[in-house]
Protein chains: 2
Amino acid sequence: MAAVDLSTHPGHLARRLQQAHYLLWTTMVSEEITSPQYGVLNALMAEPGLDQRTVGERVGLDRSTVAEVVGRLGRRGLIEKVRDTEDGRRFSLRLTGEGAGVHRKLTVRTARMNHVFLAPLSEAEQAVFLDLLRRVSDAAEQLRSPVGVTGAGDGDAAHRPW
Amino acid sequence: MAAVDLSTHPGHLARRLQQAHYLLWTTMVSEEITSPQYGVLNALMAEPGLDQRTVGERVGLDRSTVAEVVGRLGRRGLIEKVRDTEDGRRFSLRLTGEGAGVHRKLTVRTARMNHVFLAPLSEAEQAVFLDLLRRVSDAAEQLRSPVGVTGAGDGDAAHRPW
DNA sequence: CGATATTCATCAGTGCACTGACTACTTCCG
DNA sequence: CGGAAGTAGTCAGTGCACTGATGAATATCG
């Protein structure tokens with residue numbers, strides 16, 4: 001039984017891609033604020049007052065991870081959380097003034113980093129790359145929560161293609 | 001200052017891609033053996049007797065992470081490590097019989113999983129996708145260890161394009 | 001109204017990934 | 001030979017990511 005060439009495995013390449021990105025991020029964007037943390041700041045910039053679950057939905061983090069990330073951002077004074085008066089289960093999250101400032105600074109640097117990260121590809125290839133990344137990620141996301149088969153069709157909830 | 005659309009950020013998509021892969025792996029391949037662990041088994045199948053540093057190079061893991069992963073695989077009896085008699089700093093790593101069996105079983109399942117993972121793309125797109133992933137990851141890897149400028153050229157060690 | 005379902009958040013446990021500090025062994029060179 | 005430099009591996013600390021269990025508040029249904 002022979003070994004396999006990992007460079008033909010999308011999962012292996014996905015991990016390497018993320019590591020490569022991590023490296024670039026810490027050198028070009030920030031050593032204190034991580035990429036997921038920036039994602040949370042960005043989500044709250046777009047929609048102030050979100051609760052943790054929804055932030056997780058926007059950024060692609062599960063409840064536990066959101067709790068940790070939010071905890072760190074709170075400790076650094078970049079966001080504040082207050083109980084939702086409407087629904088006592090929720091926290092309402094908002095950027096502080098400092099948080100908004102950090103978001104702005106990092107947004108500029110992140111743009112520069114993205115430029116470098118994609119530099120090995122031509123303009124056309126970059127567009128294709130992003131499109132393919134999105135499609136594969138989205139498709140796998142569907143398999144997670146099989147999107148209620150609203151209406152007709154056979155009632156079989158999850159068509160697992162394997 | 002407006003918020004940004006994360007779906008245009010390759011780093012964000014890289015993270016989501018890896019999460020998607022993780023999900024598929026645990027459901028379709030194994031809940032016990034992770035993808036990086038499989039990578040190590042595969043490297044040792046290809047080249048028995050490797051030391052940890054080299055395994056890390058093959059699989060894309062740093063020394064610390066290799067140590068952890070190797071520790072887990074050793075505890076499960078899938079690999080064995082013995083001091084290299086030539087060089088007392090190194091351990092020589094080998095698959096056990098059980099390790100080889102696990103590798104074989106997972107190799108089959110991994111192929112099936114890769115198929116599902118890439119299913120949203122056409123054959124042609126899949127090839128392009130893997131190529132782009134490889135090129136971006138490799139390029140960023142270079143920035144890490146700037147590959148000794150062997151010979152001529154201006155002596156400037158690392159051309160950081162930012 | 002009151003028991004049951006959900007839903008938001010937390011916590012414990014496991015695993016990958018990186019850095020920086022440290023030990024032990026080898027190699028290089030004077 | 002013997003000290004300096006380099007290399008393999010470990011360890012401590014931080015951070016992301018997932019599962020499964022639990023607690024608190026809300027929503028729903030009989």
Phosphate contact (D:dC18 OP1 or OP2) by B:Gln19 side-chain N/O below 4.0 Å: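 Yes, because at least one side-chain N or O of B:Gln19 sits under 4.0 Å from OP1 or OP2 of D:dC18.
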Rounded distance (Å) that lies between atom P of C:dT14 and atom CG of A:Asp62: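 It works out to 18 Å between those atoms.
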Rounded interatomic separation in angstrom, taking NE2 from B:His12 and P from D:dA17: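 Whole-Å distance recorded here is 10 Å.
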A:Lys81 side chain, from C-beta outward: closest of C:dT19, C:dT10, D:dT10: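 So the side chain of A:Lys81 is nearest to C:dT10.
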Donor-acceptor under 3.5 Å (A:Ser30 side chain, A:Thr26 main chain):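 Looks like no, no N/O pair under 3.5 Å.
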Nearest non-hydrogen partners of B:Met45 and B:Pro48, listed with the distance: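 Of all heavy-atom pairs spanning B:Met45 and B:Pro48, the closest is O-CD, 4.1 Å.
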Contact list (N/O, under 3.5 angstrom) for nucleotides 21-27 of chain C vs protein:
from, atom 1, to, atom 2, distance (Å)
C:dT26, OP1, B:Gly88, N, 3.0

Partner nucleotide, any strand, of C:dG13 [Watson-Crick/G-U, under 3.5 Å]: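 Partner of C:dG13: D:dC18.
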Pairing partner (Watson-Crick or G-U wobble, both distances under 3.5 angstrom) of D:dA8: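 Partner of D:dA8: C:dT23.
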Heavy-atom donor-acceptor pair, A:Ser64 side-chain to C:dT10 base, under 3.5 Å: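 No pair found.
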Pairs satisfying ring-ring contact (aromatic ring centres under 6.0 Å, His included), at least one member in residues 2-22 of chain A, at least two apart: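 Counting only pairs at least two positions apart or across chains, the ring-ring contact (aromatic ring centres under 6.0 Å, His included) contacts touching residues 2-22 of chain A are A:His21-A:Trp25, A:His21-A:Phe117.
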Applying salt bridge (charged side-chain N to carboxylate O under 4.0 Å, His left out), which residue pairs with at least one partner in [range] are found, sequence neighbours left out?
range                      : value
residues 39-55 of chain B  : B:Glu47-B:Arg58, B:Arg53-B:Glu57
residues 12-29 of chain B  : A:Asp138-B:Arg16, A:Glu141-B:Arg16
residues 87-100 of chain B : B:Asp87-B:Arg89, B:Asp87-B:Arg90

Sub-4.0 Å heavy-atom contacts from residues 46-59 of chain B onto DNA chain D, ordered by number: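 Result for residues 46-59 of chain B: B:Asp51, B:Gln52, B:Arg53, sorted by number.
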